[in-house]
Amino acid sequence: MRAVAIVDTSIFCNVLNIPHMNEERKKVMKELEEFLENGTSLLLPMAAVYETGNHIAQLSNGNNRRRFAEVFVEQVKNAIAGDAPWQVMQIPTTEEVGEWLSEFPNSSMRGASIGDLSIIKEWEKLQKKIPNRRVFIWSLDSDLQGYDRAG
């Protein structure tokens, strides 16, 4: 069965080639090609969408901000329409966000952001939803790399 990868911000920024967030682009693009060849389903969580947009908005060069914002919008719209290598995950419910907030103080003590916590929670939810498939977080962040469960 095909694997399912949750795409972290670190990966999405490299794919979009955002300046100062693209140091691993060659490696990421090679992995992306391999995942697509293997039929891996790629899911883009809302945390990665928000965080990537924030990184773009913080670019110091106005021309880059505009250019990468337009590329970002195009890629996310394509994902929503089903015309990208990944799909945008559903927006979490208020109940889910409430659960995440309850766990955030402990998560913050480990240095994990609310975005990282939300991605971990999406990973946990997917494991239960599709128990017979490999589900993993595709990330360059060492705090997220260990989230991988074989089906």
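Just so it is clear, the structure is predicted and the values come from calculations on it, not from any experiment. Just so you know, residue 1 is the first one in the sequence shown, and it goes up from there.
- Taking hydrophobic clusters as Ile, Leu, Val, Met, Phe, Trp and Tyr residues chained together by side-chain heavy-atom distances below 4.5 Å, Ile119 does not share a cluster with Val49.
- Pairs of residues two or more places apart, or lying in two chains, that qualify as salt bridge (charged side-chain N to carboxylate O under 4.0 Å, His left out) and include a residue from residues 73-96 are Glu96-Lys125.
- Contacts of Met21 classified as side-chain contact (heavy atoms from CB on, under 4.5 Å), with partners at least two apart in sequence or in another chain: Cys13, Ile18, His55.
- Residues Ser108 and Pro105 share a closest heavy-atom pair of OG-O, 2.7 Å.
- Side-chain atoms of Met29 and Leu32, non-hydrogen and from C-beta on, do get closer than 4.5 Å to each other.
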### Task
Kindly determine whether Leu140 and Asp8 satisfy side chain to side chain contact (heavy atoms under 4.5 Å, CB included), including the steps that lead there.
CA-CA 8 Å; Leu140 299 173; Asp8 178 45; over 6 Å; no

#### Entry: Stepwise side chain to side chain contact (heavy atoms under 4.5 Å, CB included) check, Leu126 with Leu43
CA-CA 11 Å; Leu126 274 176; Leu43 302 177; 3.5 Å; yes

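- Shown here are the side-chain hydrogen bond (donor to acceptor under 3.5 Å, both in side chains) partners of Lys27, two or more places apart in sequence or in another chain: there are none.
- Under the 4.5 Å side-chain contact rule for hydrophobic residues, Val97 and Val88 do not share a cluster.
- The list of ring pair (Phe, Tyr, Trp, His ring centres under 6.0 Å) pairs with a residue in residues 62-110, not counting sequence neighbours, reads Phe12-Trp86.
- Within 6.0 Å of CD in Gln90 there are 12 or fewer heavy atoms belonging to other residues, nucleotides or ligands.
- Panel note: side chain Gln145, backbone Ser139; a donor-acceptor pair is recorded below 3.5 Å.
- Identified under the salt bridge (charged side-chain N to carboxylate O under 4.0 Å, His left out) test for residues 49-64, with sequence neighbours left out: none.
- Side-chain atoms of Ser41 never come within 3.5 Å of backbone atoms of Val4 as a donor-acceptor pair (strictly under, hydrogens ignored).
- A donor-acceptor pair is defined here as one N or O able to donate and one able to accept, closer than 3.5 Å; no such pair exists between the side chain of Arg134 and the backbone of Ala5.
- If you chain together hydrophobic residues whose side chains sit under 4.5 Å apart, Val7 and Tyr147 never meet in one group.
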### Message
Under the criterion side chain to side chain contact (heavy atoms under 4.5 Å, CB included), I'd like the reasoning laid out for Met89 against Met46: C-alpha separation, chi angles, the key distance, then a yes or no.
### Response
CA-CA 6 Å; Met89 296 179 79; Met46 291 308 299; 5.7 Å; no

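- Rounding to the nearest 0.5 angstrom, the gap separating the OG atom in Ser107 from the CD1 atom in Ile114 is 7.0 Å.
- No side-chain donor-acceptor contact under 3.5 Å links Asn63 and Arg66.
- Among residues two or more places apart in sequence or in another chain, the salt bridge (Lys or Arg N to Asp or Glu O under 4.0 Å) test is passed with Asp143 by none.
- A single hydrophobic cluster is seen to contain both Ile91 and Val73, as judged by linkage of ILVMFWY side chains at heavy-atom distances under 4.5 Å, directly or through other members.
- Not counting sequence neighbours, the partners of Lys30 by the side-chain hydrogen bond (donor to acceptor under 3.5 Å, both in side chains) test are Glu34.
- No donor-acceptor pair under 3.5 Å is formed between the side chain of Asn64 and the backbone N or O of Ser60.
- Here Ala48 pairs with Thr9, Leu44, Pro45 under the side-chain contact (heavy atoms from CB on, under 4.5 Å) rule; sequence neighbours left out.
- The shortest distance between side-chain heavy atoms of Gln75 and Leu16 falls below 4.5 Å.
- Screening residues 13-47 for ring pair (Phe, Tyr, Trp, His ring centres under 6.0 Å) gives Phe35-Phe136, Phe35-Trp138 as the qualifying pairs, with residues at least two apart or on separate chains.
- Taking all atoms of both residues into account, the shortest heavy-atom contact from Pro92 to Glu122 is CB-OE2, 4.3 Å.
- By the side-chain hydrogen bond (donor to acceptor under 3.5 Å, both in side chains) test, Asn22 is found to be paired with Asn17, residues two or more places apart in sequence or in another chain being considered.
- Shown here is Gln87, whose CD atom has no more than 12 heavy atoms of other residues, nucleotides or ligands within 6.0 Å.
- When hydrophobic clusters are built by joining Ile, Leu, Val, Met, Phe, Trp and Tyr residues whose side-chain heavy atoms come closer than 4.5 Å, directly or via intermediates, Leu144 is not grouped with Tyr50.
- Residues satisfying the side-chain hydrogen bond (donor to acceptor under 3.5 Å, both in side chains) test with Glu124, not counting sequence neighbours, are Lys121.
- Asn14 CG to Glu31 CD: the interatomic distance, rounded to the nearest 0.5 Å, is 10.0 Å.
- With sequence neighbours excluded, the residues that form a side-chain contact (heavy atoms from CB on, under 4.5 Å) with Asn38 are Thr40.
- The CG atom of Leu42 lies 11.0 Å from the CD1 atom of Ile6; values are rounded to the nearest 0.5 Å.
- Atom CD1 of Ile11 and atom OG1 of Thr52 lie 10.5 Å apart (nearest 0.5 Å).
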